[in-house]
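Keep in mind that this is a model prediction, so the values were computed, not measured.
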Amino acid sequence: MTGGTGIGTGPGRALLAIYGLFALAAGARATVQILTRFGEAPLAYSLSAFAAAVYVVLTVALARGARRLALWALGIELAGVLVIGTASLLAPSAFPDDTVWSTYGKGYLFIPLVLPLVGLYWLWRRR
């Protein structure tokens, strides 16, 4: 979109930058964990790789103004944070190592819990 009305423009650029950073950080972390210690916590490392993929999709969707894709990805992210966050508290033995979404993103200062809410609010405002 032109004229500053796109979902990745204005304050949306900050959201775009944060998702890009999270895609890079979560992807790099998951890649190293999968390549070096996959047998220690395969579920956790696979979930971190999935989270990174969601962040990549969100980054691209925001950059291209793909609102519907961004909404779907934000919904998946929020559901993932809530489900994995709760599961990591109720069954900690299933998560011998943290995922990006463990304990609602505690290892990332709870940003994974807040970020999809901010993203949904931003997209709602930009409709």
Side-chain angles (χ1 to χ4, degrees):
M1 290 185 149
T2 59
T5 60
I7 59 176
T9 62
R13 287 181 195 239
L15 197 59
L16 176 63
I18 292 168
Y19 272 115
L21 180 63
F22 265 70
L24 181 62
R29 176 182 175 185
T31 300
V32 168
Q33 290 171 325
I34 288 169
L35 292 176
T36 62
R37 313 185 324 225
F38 187 72
E40 295 175 21
L43 176 63
Y45 302 151
S46 297
L47 288 170
S48 285
F50 177 74
V54 171
Y55 294 144
V56 168
V57 169
L58 275 162
T59 302
V60 171
L62 290 168
R64 293 190 176 198
R67 179 184 171 79
R68 186 180 303 240
L69 179 59
L71 284 169
W72 272 101
L74 286 165
I76 291 168
E77 179 192 9
L78 183 58
V81 171
L82 295 174
V83 170
I84 302 307
T86 301
S88 66
L89 291 173
L90 296 177
S93 62
F95 299 90
D97 202 355
D98 285 340
T99 73
V100 174
W101 295 336
S102 292
T103 321
Y104 309 108
K106 180 180 177 182
Y108 288 85
L109 305 173
F110 298 101
I111 294 170
L113 178 61
V114 175
L115 203 52
L117 299 173
V118 171
L120 289 168
Y121 174 75
W122 175 249
L123 290 180
W124 178 77
R125 282 197 55 198
R126 302 303 287 186
R127 62 181 174 153

>> Give me each pair satisfying salt bridge (charged side-chain N to carboxylate O under 4.0 Å, His left out) with a member in residues 67-91, each pair once, sequence neighbours excluded.
In response: none
>> On a heavy-atom basis, which atom in L15 and which in G119 lie closest, and how many Å separate them?
In response: CD2-CA, 3.6 Å
> Who else is in L35's hydrophobic cluster (ILVMFWY, side-chain heavy atoms under 4.5 Å, direct or via others)?
Replying inline: none
> How would you list, by chain and number, every residue that makes a ring pair (Phe, Tyr, Trp, His ring centres under 6.0 Å) with F95, sequence neighbours excluded?
Replying inline: none
> Is it true that L24 and I18 fall in one hydrophobic cluster, defined by side-chain heavy atoms closer than 4.5 Å?
Replying inline: no
> Which other residues end up in the same hydrophobic cluster as W124, if Ile, Leu, Val, Met, Phe, Trp and Tyr are linked when side-chain heavy atoms come under 4.5 Å apart?
Replying inline: Y121
> Excluding sequence neighbours, so at least two apart, what forms side chain to side chain contact (heavy atoms under 4.5 Å, CB included) with L16?
Replying inline: T59, L62, A63
> Going from CG on L58 to CG on L74, what distance comes out if it is rounded to the nearest 0.5 angstrom?
Replying inline: 4.5 Å
> Which residues, ordered by chain and number, are linked to Y45 in its hydrophobic cluster, where ILVMFWY side chains connect at heavy-atom gaps below 4.5 Å, directly or through other members?
Replying inline: I34, F38
>> Restricting to side chain to side chain contact (heavy atoms under 4.5 Å, CB included), what partner residues turn up for V32, sequence neighbours left out?
In response: T36
>> Are the side chains of L43 and S46 in contact, using a 4.5 Å heavy-atom criterion?
In response: no
> salt bridge (charged side-chain N to carboxylate O under 4.0 Å, His left out): which pairs involve residues 101-121, sequence neighbours left out?
Replying inline: none
> Where is the tightest heavy-atom contact between P96 and A41, given as atom of each residue plus distance?
Replying inline: CG-CB, 3.7 Å
>> Could you work out, with ring pair (Phe, Tyr, Trp, His ring centres under 6.0 Å) as the rule, every residue matching F22, not counting sequence neighbours?
In response: Y55, Y108
> Of all residues at least two apart in sequence or in a different chain, which pass the side chain to side chain contact (heavy atoms under 4.5 Å, CB included) check with A66?
Replying inline: A61, L69
>> List the residues meeting salt bridge (Lys or Arg N to Asp or Glu O under 4.0 Å) with R37, not counting sequence neighbours, and say none if there are none.
In response: E40, D97
> Would you say S48's side chain and V100's backbone share a donor-acceptor pair under 3.5 angstrom?
Replying inline: yes
> Any chain of hydrophobic side-chain contacts (each under 4.5 Å) joining L89 to V114?
Replying inline: yes
For residues 79-86, tabulate all N or O donor-acceptor pairs below 3.5 Å that involve a side-chain atom, not counting sequence neighbours.
{"residue": "T86", "atom": "OG1", "partner": "L82", "partner atom": "O", "Å": "2.8"}
{"residue": "T86", "atom": "OG1", "partner": "Y104", "partner atom": "OH", "Å": "2.6"}

> Is L120 linked to V57 within one hydrophobic cluster, defined over Ile, Leu, Val, Met, Phe, Trp and Tyr using a side-chain heavy-atom separation of less than 4.5 Å?
Replying inline: no
>> Could you see if W122 belongs to whatever hydrophobic cluster contains L78? Use Ile, Leu, Val, Met, Phe, Trp, Tyr and a side-chain cutoff under 4.5 Å.
In response: yes
>> With a 4.5 Å cut-off on side-chain heavy-atom distances among I, L, V, M, F, W and Y, is there a chain of contacts connecting I111 to I76?
In response: yes
